[in-house]
Engineer: 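Attaching a single structure in structure tokens format; questions to follow.
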Number of protein chains: 2
Amino acid sequence: MAGGVLANGEIGRLIGLVSRLPGLGPRSARRIVLALLRDPKGRMVPLARAMQEAAASVRTCSRCGNLDGKDPCHICMDPSRQQDVVCVVESVADLWALERAGTYHGVYMVLGGVLSALSGVGPDDLNLRPLLTRLDEGSVREVILALSATVDGATTMHWLQERLGGYGVSITRVAQGVPVGGALEVLDDGTLAAALSARRPVV
Amino acid sequence: MAGGVLANGEIGRLIGLVSRLPGLGPRSARRIVLALLRDPKGRMVPLARAMQEAAASVRTCSRCGNLDGKDPCHICMDPSRQQDVVCVVESVADLWALERAGTYHGVYMVLGGVLSALSGVGPDDLNLRPLLTRLDEGSVREVILALSATVDGATTMHWLQERLGGYGVSITRVAQGVPVGGALEVLDDGTLAAALSARRPVV
Ligand SMILES: [Zn+2]
Ligand SMILES: [Zn+2]
């Protein structure tokens with residue numbers, strides 16, 4: 001807030017915090033805060049409570065890197081899912097996107113990023129250890145690489161193919177339907193489902 | 001969230017609440033919640049606390065209809081402002097917009113709406129009583145009408161001119177710079193300042 005009555009006080013502080021959320025700015029933050037202030041008990045307090053609860057209970061799954069109220073997460077603990085099929089994704093957002101598509105019934109490995117010379121992200125910065133442990137144990141049948149079709153995504157997929165190639169498990173990658181240069185997260189559910197079912201062997 | 005692992009649980013609930021905020025949807029809500037989950041202590045908890053505090057302390061000013069941590073609000077209690085000049089606005093959002101413009105030094109009357117046959121908003125639905133009381137007391141020198149240049153805004157200004165005409169105070173309206181059909185809230189600060197300084201007598 002530039003100057004005026006809102007520079008200080010509860011409302012100004014709240015607008016400042018909301019305006020720094022991704023995709024929002026001062027104008028959308030003011031609109032949101034006003035809507036919340038119009039119904040403090042019905043909207044603002046429940047939202048604040050949901051945030052407190054999430055902050056207190058949500059953690060990163062030590063097996064797959066997913067965010068969940070439990071560790072291991074719901075997916076890792078789901079006996080109806082194929083625990084020997086592991087889909088490698090860049091982020092929790094991508095994991096959520098695949099879950100919304102609703103056709104994948106294996107588990108995940110969330111890397112937490114992709115290799116990037118520009119951003120200085122190297123192999124040691126990626127969360128791959130839990131998958132390597134599972135591979136060492138021989139409890140993995142197939143690894144599906146589901147990374148965005150960007151330069152960094154492709155680089156990471158090549159590196160993963162080499163890194164995981166020695167374990168003698170099937171390595172596939174989602175292919176059909178992922179537009180070149182497109183980010184996986186923003187694809188519609190149908191495209192994602194198609195890309196997943198048309199996966200092909202890497203070699 | 002459509003189906004999947006997020007239908008229940010803390011994260012799904014939080015995304016649901018965030019996605020119902022004005023201007024947001026499921027995708028932007030997921031993006032915001034992920035950003036908050038990445039730094040629970042640094043971002044989510046402070047935001048939740050700010051909401052709790054705002055919900056507990058912010059109330060509607062009984063003198064002007066503004067939202068503030070105090071009643072009467074900062075503006076109504078500010079001895080450096082002209083308490084005998086009252087600017088009539090539709091909403092708190094419009095009051096904030098005028099405060100950001102930074103050139104107005106009087107006080108406000110927030111109507112909480114404008115007359116609208118379509119929405120069934122009549123004179124009794126508008127918050128005008130505090131201004132009438134001040135007019136009865138003879139403590140008002142000028143009333144500035146600053147309503148949006150919409151059909152309903154114009155109708156309301158005409159009604160206010162008649163309703164307030166008998167008190168013998170100067171009634172002006174912001175004029176220059178408010179585009180026809182435009183909402184006051186989204187105007188830039190310079191346009192608002194120009195409209196305010198170029199106000200003219202109603203009759
Ligand atoms: Zn997990
Ligand atoms: Zn006030």
Side-chain angles (χ1 to χ4, degrees), chain A residues 1-6 8-11 13-14 16-18 20-24 27-28 30-38 40-41 43-58 66-70 73-75 78 91-93 95-96 99-102 185-186 189, chain B residues 1-6 8-11 13-14 16-18 20-24 27-28 30-38 40-41 43-58 66-70 73-75 78 91-93 95-96 99-102 185-186 189:
Chain A
M1 304 294 302
V5 71
L6 287 169
N8 299 306
E10 299 84 354
I11 300 177
R13 252 198 317 276
L14 184 52
L17 288 170
V18 172
R20 285 193 287 277
L21 294 174
L24 302 184
R27 181 168 292 172
S28 47
R30 289 194 295 268
R31 202 169 151 218
I32 286 168
V33 168
L34 264 181
L36 291 171
L37 284 171
R38 251 177 237 125
K41 283 179 189 165
R43 294 189 84 175
M44 187 132 63
V45 171
L47 180 55
R49 283 209 189 114
M51 284 186 187
Q52 298 275 22
E53 283 166 23
S57 67
V58 173
N66 187 20
L67 290 166
D68 198 86
K70 293 176 188 163
C73 73
H74 281 92
I75 295 173
D78 186 344
S91 66
V92 174
L95 183 158
W96 289 358
E99 286 300 292
R100 288 197 302 281
E185 182 190 349
V186 300
D189 298 354
Chain B
M1 301 297 298
V5 71
L6 288 169
N8 300 307
E10 299 84 355
I11 301 177
R13 253 199 316 277
L14 184 52
L17 288 170
V18 172
R20 285 193 287 278
L21 294 174
L24 302 184
R27 181 168 293 172
S28 46
R30 288 194 295 267
R31 201 168 152 219
I32 286 168
V33 168
L34 264 180
L36 291 171
L37 284 172
R38 250 177 239 126
K41 283 180 189 163
R43 294 189 83 174
M44 187 133 63
V45 170
L47 180 55
R49 284 213 187 111
M51 284 187 187
Q52 298 274 23
E53 282 166 24
S57 68
V58 173
N66 187 19
L67 291 166
D68 198 87
K70 294 177 187 163
C73 73
H74 281 91
I75 296 173
D78 186 343
S91 66
V92 173
L95 183 160
W96 289 359
E99 286 300 293
R100 286 197 303 281
E185 183 192 347
V186 300
D189 298 353

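As a basis for the values below, the full set of heavy atoms in this structure was taken, side chains included, without hydrogen atoms, waters or symmetry mates. Note on naming: letters A, B, ... go to the chains in the order of the sequence lines (proteins, then strands), and numbering restarts at 1 for each one.
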Engineer: So for A:S57, is it side chain, backbone, both, or neither that comes closer than 4.5 Å to the heavy atoms of chain B?
Structural biologist: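 Side chain only.
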
Engineer: If we define contacts as heavy-atom pairs under 4.5 Å, which of B:K70, B:E53, B:Q52 has the most with chain A?
Structural biologist: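 Sorted descending by pairs with chain A, the first entry is B:Q52.
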
Engineer: Against chain A, work out which of B:V18, B:V92, B:L37 has the most heavy-atom pairs shorter than 4.5 Å and name it.
Structural biologist: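 Between B:V18, B:V92, B:L37, the count favours B:L37.
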
Engineer: Do you know which of B:I32, B:L24, B:L17 has the most heavy-atom pairs under 4.5 Å to chain A?
Structural biologist: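 Result: the option with the highest number of such pairs is B:I32.
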
Engineer: Counting heavy-atom pairs closer than 4.5 Å to chain A, which one of B:A55, B:C73, B:A93 comes out on top?
Structural biologist: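 Top option by heavy-atom pairs under 4.5 Å: B:A55.
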
Engineer: Counting heavy-atom pairs under 4.5 Å to chain A, which of B:G69, B:A35, B:P46, B:A54 comes out on top?
Structural biologist: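 Among the listed options, the one with the most contacts to chain A is B:A54.
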
Engineer: I'd like to know whether B:D78 forms a side chain to side chain contact (heavy atoms under 4.5 Å, CB included) with B:H74, so could you lay out the CA-CA distance, the side-chain angles of the two residues, the decisive distance to 0.1 Å, and finally the verdict.
Structural biologist: CA-CA 6 Å; B:D78 186 343; B:H74 281 91; over 6 Å; no

Engineer: Side chain from CB out, backbone as N, CA, C, O: work out which of these in B:L47 comes under 4.5 Å of a heavy atom of chain A, or both, or neither.
Structural biologist: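 Both parts, backbone and side chain.
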
Engineer: Distance from B:W96 atom CH2 to A:L34 atom CG, nearest 0.5 Å?
Structural biologist: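 Here the interatomic distance stands at 4.0 Å.
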
Engineer: Tell me, for B:R27 versus chain A, whether the close heavy atoms (under 4.5 Å) come from the side chain, the backbone, both or neither.
Structural biologist: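 For B:R27, the side chain is the part near chain A, not the backbone.
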
Engineer: Working to the nearest 0.5 angstrom, can you tell me the gap between A:L36 CG and A:L14 CG?
Structural biologist: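 If I round to the nearest 0.5 Å, the distance is 7.0 Å.
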
Engineer: Which pair of non-hydrogen atoms, one from B:M51 and one from A:A48, has the smallest distance, and what is that distance?
Structural biologist: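 Nearest heavy atoms, B:M51 then A:A48: CB-CB, 3.7 Å.
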
Engineer: Taking the side chain as every heavy atom from C-beta outward, state whether A:L21 and B:R43 have any pair of such atoms under 4.5 Å apart.
Structural biologist: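 Of all side-chain heavy-atom pairs linking B:R43 with A:L21, at least one is under 4.5 Å.
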
Engineer: Taking all heavy atoms of B:I11 and all of B:V33, pick out the closest pair and write down the distance.
Structural biologist: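 Closest pair (atom of B:I11, atom of B:V33, distance): CG2-CG1, 4.2 Å.
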
